[in-house]
Visitor: 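Quick one: structure below, then a few questions.
All values below come from the heavy atoms of this structure, side chains included, with hydrogens, waters and symmetry mates left out. Letters go in sequence order (proteins before strands), and every chain restarts at 1.
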Number of protein chains: 2
Amino acid sequence: MRALAVEDDPRIAKDLHAALSAAGFRVEGTGDGEDAWFLGDTEDYDLVVLDLGLPKLDGLAVLKRWRANGRSMPVLVLTARGTWQERVEGIEAGADDYLPKPFRMEELIARARALVRRTGGHAAALQEAGDLSLDTNRMGVALRGVPVQVTALEYRLLAYLMLHRDRPVPPTELLEHLYGEDDAREANALEAVIARLRRKLGPGIIGTRRGFGYFLEAA
Amino acid sequence: MRALAVEDDPRIAKDLHAALSAAGFRVEGTGDGEDAWFLGDTEDYDLVVLDLGLPKLDGLAVLKRWRANGRSMPVLVLTARGTWQERVEGIEAGADDYLPKPFRMEELIARARALVRRTGGHAAALQEAGDLSLDTNRMGVALRGVPVQVTALEYRLLAYLMLHRDRPVPPTELLEHLYGEDDAREANALEAVIARLRRKLGPGIIGTRRGFGYFLEAA
DNA sequence: CCCGAACTGTCAGCTTGCCGTCAGGTTGCC
DNA sequence: GGCAACCTGACGGCAAGCTGACAGTTCGGG
């Protein structure tokens, strides 16, 4: 996932960069309208975050030019004053979503994710829960950015927990998902997989709620 | 992929020619505006690289005449001074992309590729992953520049891995791609092809992730 | 039409490392 | 304290994958 962050305020730009990176985007940034237009027109991004208040070339103008040139990547527009007027302008210029300043980074990330998922068709390739991230495209797992080698079975278990990160997943369900419902295994097989994963990932990643099931901590 | 390079400075023209060739284009060139206009108007190119500072007939004029005549091939414009003014002029004249001098050849190639990809052309003719490169035009494979002879089946396998170089490709998918899904083969057939390829390419090219699939290392 | 060469699927035997099972421990709940 | 849920280290079976050999097929040349 490649993102372009267009923001002239260096402090916000830095935060943006950090947040988007943490969310799994490869981020490039500029605070210059001309640059932004140029980059967005020549490179392929999965997401653009665009501030409207820019020097030289206004964000709205940049956006309009992109759209006029047939560039269709999802664009999330930021604006200082969240007036209804500006919002209409943004949408008409071709923005896919809209976020008034000031905003919390969490909200921006949430919207960015939704946008990418909505437009890209395929779900975001990178899923995260706390320190854990798994790349559903290259089937890889990373802990605080450091890749961790995981077997196919372990990966499927993690992916399932990630998918249902909002609740503890009971062992029966996991067994049924990992193996067929017909292909019976002892419950202990699952516990063994969990144990091996915990050894690889360290504590604080996979939690247990006795009687309910397993879950990803800090999800 | 056929490219026309319009550039009057012989030194740059030579570099252009070399770089585009290396990128898999069949290159024709001229330094004369009238020639350029004639060629672009009568021949079919997948890409035109156009310098604006030309004798006799200015690049912008050439471009405008092409467009007025309904020629729609992608045009990458080069200019000595990357001023905003000139950019606008170039874009308005119908350029698809814009590159200010001085520039690095790598950037030009990258933009040329993006342009061709964007305008519906096929992917770049030369694809690379680490030491391995394959020429999709002549169906050739090279290792650190040294050509390696591979069979048609082996080439198709490599090409598929190259196309999906960002993820491990499971054996089932490869089997389905190499043969039809109806035309069933033993899984071992694939392993045999892999083994033969590895013998030709040496270690460190085709990797295996047990349970996930095969992939190009150093991709 | 025959011969040889190149290509490729199948087979058999091997290596590797995944993971299910077992046994014994620890934790939490009643 | 006792039971059930859960954890963990060790071990061995076995499936995934590797490789060399061989044969069937195709194709071009003579």
Side-chain angles (χ1 to χ4, degrees), chain A residues 134 139-141 147-161 167-217, chain B residues 134 139-141 147-161 167-217:
Chain A
L134 72 172
M139 312 270 274
V141 175
V148 177
Q149 194 134 14
V150 188
T151 72
L153 186 69
E154 289 164 353
Y155 177 82
R156 286 204 293 149
L157 173 51
L158 278 182
Y160 197 79
L161 288 183
R167 66 179 170 90
V169 182
T172 54
E173 186 180 336
L174 278 173
L175 282 168
E176 186 176 330
H177 174 253
L178 291 183
Y179 319 100
E181 26 182 336
D182 44 349
D183 189 3
R185 299 294 158 108
E186 300 224 357
N188 199 346
L190 176 62
E191 293 163 18
V193 180
I194 293 278
R196 282 192 273 262
L197 260 177
R198 285 212 253 245
R199 181 166 359 179
K200 287 182 184 177
L201 299 175
I205 305 295
I206 301 179
T208 308
R209 275 186 64 194
R210 200 184 176 86
F212 291 91
Y214 299 97
F215 62 97
L216 293 183
E217 298 185 26
Chain B
L134 69 171
M139 307 247 299
V141 176
V148 176
Q149 193 135 12
V150 294
T151 71
L153 184 69
E154 289 164 352
Y155 176 82
R156 285 206 292 150
L157 173 50
L158 277 181
Y160 197 78
L161 288 183
R167 66 182 172 91
V169 182
T172 54
E173 187 180 335
L174 279 172
L175 281 169
E176 190 173 314
H177 174 255
L178 290 182
Y179 320 100
E181 27 181 338
D182 44 350
D183 190 3
R185 300 296 157 105
E186 301 235 350
N188 200 349
L190 176 62
E191 292 162 18
V193 180
I194 293 278
R196 283 192 270 261
L197 261 177
R198 283 212 254 244
R199 189 167 352 177
K200 287 182 183 176
L201 300 175
I205 305 295
I206 302 179
T208 307
R209 275 183 66 196
R210 185 177 258 246
F212 292 98
Y214 298 97
F215 62 98
L216 292 183
E217 297 185 29

Visitor: Please tell me which of B:Gln149 and B:Ala187 maps to the more 5' nucleotide of DNA chain C, matching each residue to the nucleotide holding its nearest heavy atom.
Guide: B:Gln149
Visitor: Under the side chain to side chain donor-acceptor pair (under 3.5 Å) rule, collect the residues that match up with B:Glu217, sequence neighbours excluded.
Guide: none
Visitor: Mind listing the N/O atom pairs, protein and nucleotides 17-20 of chain C, below 3.5 Å?
Guide:
unit_1, atom_1, unit_2, atom_2, d
C:dC19, OP2, A:Thr151, OG1, 2.6
C:dG20, OP2, A:Tyr179, OH, 2.6
C:dG20, O5', A:Arg185, NH1, 3.3
C:dG20, N7, A:Arg196, NH2, 3.1
C:dG20, O6, A:Arg196, NH1, 3.1

Visitor: As a test of understanding, state which of A:Leu174, A:Thr151, A:Asn188, A:Leu153 forms a side chain to side chain contact (heavy atoms under 4.5 Å, CB included) with A:Val193.
Guide: A:Leu153
Visitor: Heavy atoms of chain B, cut-off under 4.0 Å: which first and last nucleotide of DNA chain D, 5' to 3', fall inside that, if you could look?
Guide: D:dA15 to D:dG20
Visitor: Listed by chain and number, what are the side chain to side chain contact (heavy atoms under 4.5 Å, CB included) partners of B:Ala159, not counting sequence neighbours?
Guide: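 In terms of side chain to side chain contact (heavy atoms under 4.5 Å, CB included), with neighbours along the sequence ignored, B:Ala159 is linked to B:Leu134, B:Tyr155.
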Visitor: Can you name the side chain to side chain contact (heavy atoms under 4.5 Å, CB included) partners of B:Arg209, sequence neighbours left out?
Guide: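 Expected list: A:Met139, B:Pro168, B:Phe212, B:Phe215.
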Visitor: Identify the two heavy atoms, one from B:Leu178 and one from B:Leu157, that lie closest to each other, and give their separation to 0.1 Å.
Guide: CD2-N, 3.8 Å
Visitor: Going by side-chain hydrogen bond (donor to acceptor under 3.5 Å, both in side chains), name the pairs with one or both residues in residues 192-203 of chain A, residues two or more places apart or in two chains.
Guide: A:Glu154-A:Lys200, A:Arg198-A:Thr208
Visitor: So, for A:Ala152 and B:Gly211, which heavy atoms are closest and what is the spacing to 0.1 Å?
Guide: CB-O, 3.7 Å
Visitor: A:Arg210: what forms a side chain to side chain contact (heavy atoms under 4.5 Å, CB included) with it, not counting sequence neighbours?
Guide: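 A:Arg210: no side chain to side chain contact (heavy atoms under 4.5 Å, CB included) contacts found.
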Visitor: Would you kindly give the CD-to-C1' distance between B:Glu191 and C:dA12, to the nearest whole Å?
Guide: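 After rounding, the reported distance stands at 13 Å.
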Visitor: Please name all residues satisfying side chain to side chain donor-acceptor pair (under 3.5 Å) with B:Glu173, sequence neighbours left out, ordered by chain then number.
Guide: B:Tyr160, B:Arg167
Visitor: Need the bend value for the helix from C:dC1-D:dG30 to C:dC30-D:dG1: angle between end axes, 5 pairs each end, nearest 10°.
Guide: 30°
Visitor: Give, for atom CD1 of B:Ile205 and atom CG of B:Leu216, the distance between the pair rounded to the nearest 0.5 Å.
Guide: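 It comes to 8.0 Å.
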Visitor: Indicate, with a heavy-atom threshold strictly under 4.0 Å, whether B:Tyr214 touches base, sugar-phosphate, or nothing.
Guide: sugar-phosphate
Visitor: Starting from C1' on C:dG13, measure out to CG on B:Asn188 and report it in whole angstrom.
Guide: 11 Å
